[in-house]
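As structure tokens, the structure follows; a few thoughts come after it.
Values below: every heavy atom of this structure, side chains too, minus hydrogens, waters and symmetry copies.
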Amino acid sequence: MAINEKYKEFFRALKFLVISISAGVIQIGSFTLFNEVLKWNYWVGYLISLLLSIIWNFTINRKFTFKSANNVKIAMLLVLAFYAVFTPVSTVLGDLAENSGVNEYIVLAVTMVLNFVLEFLFTRYVVYRNSCDTATKKEKKSDVAEVEEINVDLTEVTVDADEEIASSDAENLAQETKENLK
């Protein structure tokens with residue numbers, strides 16, 4: 001891997017971290033609401049707060065971290081496959097830990113760190129394995145196509161204007177010729 005690629009991957013991981021922290025704020029905030037205000041069972045509050053953070057994290061990371069033009073449905077299905085394994089395991093283990101006396105916020109913090117590491121690895125190397133930065137390339141190709149289309153339009157306008165000028169010149173020449181013949 002070239003040095004430039006290493007920096008790119010480092011900054012990709014850094015962006016994923018920052019966005020994951022924002023998703024973590026959503027998860028902790030909603031979990032706290034469900035746990036402290038609504039007094040829901042651990043697993044109910046955890047599941048709903050996890051879903052909220054997943055949706056946020058997937059949407060923002062797809063656009064800004066991985067910049068993928070990959071099919072959204074396929075990418076989301078792959079992320080859902082990850083969570084089809086992670087969610088039941090973390091819910092059951094978290095519930096067992098909380099029921100055995102471990103503070104629910106410690107359980108949540110440990111689960112969130114594990115989620116961050118595993119989700120980054122899965123998302124980077126499975127979901128977006130070959131499609132990182134393809135949205136940017138697609139946008140650049142789209143911009144080039146748009147410029148080419150504008151050039152074609154300008155060419156057509158120029159041709160139309162040239163034909164109109166030539167037609168006008170021909171009419172003027174015919175008029176002058178008629179006047180000269182009189």
Answer yes or no: is there a donor N or O on one side and an acceptor on the other, between the side chain of [X] and the main chain of [Y], under 3.5 Å?
X	Y	value
N61	N57	yes
N41	V44	no
S90	T111	no

Using side chain to side chain donor-acceptor pair (under 3.5 Å) as the criterion, list what pairs up with [X], not counting sequence neighbours.
X	result
W40	none
R12	E9, D133
S53	Q27
E104	N35

#### Entry: Qualifying residues under ring-ring contact (aromatic ring centres under 6.0 Å, His included), relative to Y46, sequence neighbours excluded
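With neighbours one apart ignored, the set is Y42.
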
### Message
My understanding is that only residues two or more places apart in sequence, or in another chain, count here; which of them pass ring-ring contact (aromatic ring centres under 6.0 Å, His included) with F82?
### Response
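Checked F82 against ring-ring contact (aromatic ring centres under 6.0 Å, His included); matches are F86, F122.
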
### Query
What is the minimum heavy-atom distance between I19 and F64, and which atoms define it?
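Closest heavy-atom pair between I19 and F64: CD1-CB, 4.4 Å.
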
### Query
Looking only at heavy atoms, which two atoms of G45 and F34 are closest? And how far apart?
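Where G45 meets F34 most closely, the heavy atoms are O-CD1, 3.6 Å.
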
### Query
Where do F31 and E36 land on the side-chain contact (heavy atoms from CB on, under 4.5 Å) test, with the steps shown first?
CA-CA 8 Å; F31 178 80; E36 301 297 329; over 6 Å; no

To the nearest 0.5 Å, what is the distance between [atom1] on [X] and [atom2] on [Y]?
X	Y	atom1	atom2	answer
F11	K6	CZ	NZ	14.5 Å
I48	S30	CD1	OG	8.5 Å
K73	L77	NZ	CG	9.5 Å
C132	R124	SG	CZ	4.0 Å
N103	L108	CG	CG	9.5 Å
L38	T32	CG	OG1	11.5 Å

Does [X] belong to the same Ile/Leu/Val/Met/Phe/Trp/Tyr cluster as [Y], with side-chain heavy atoms less than 4.5 Å apart forming each link?
X	Y	value
V107	V89	no
V25	F16	no
V127	V117	yes
L14	V113	no
I74	F58	yes

Quick check: do [X] and [Y] have side-chain heavy atoms less than 4.5 Å from each other?
X	Y	result
K15	F66	no
T134	N70	no
Y83	E119	yes
L80	I54	no
R62	T123	no

### Task
Evaluate whether atom CG of N4 has more than 12 neighbouring non-hydrogen atoms of other residues, nucleotides or ligands under 6.0 angstrom away.
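At most 12 heavy atoms, drawn from other residues, nucleotides or ligands, come within 6.0 Å of this atom.
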
### Task
Given side-chain contact (heavy atoms from CB on, under 4.5 Å), test L50 with N115 step by step and report yes or no.
CA-CA 10 Å; L50 178 65; N115 184 16; 3.8 Å; yes

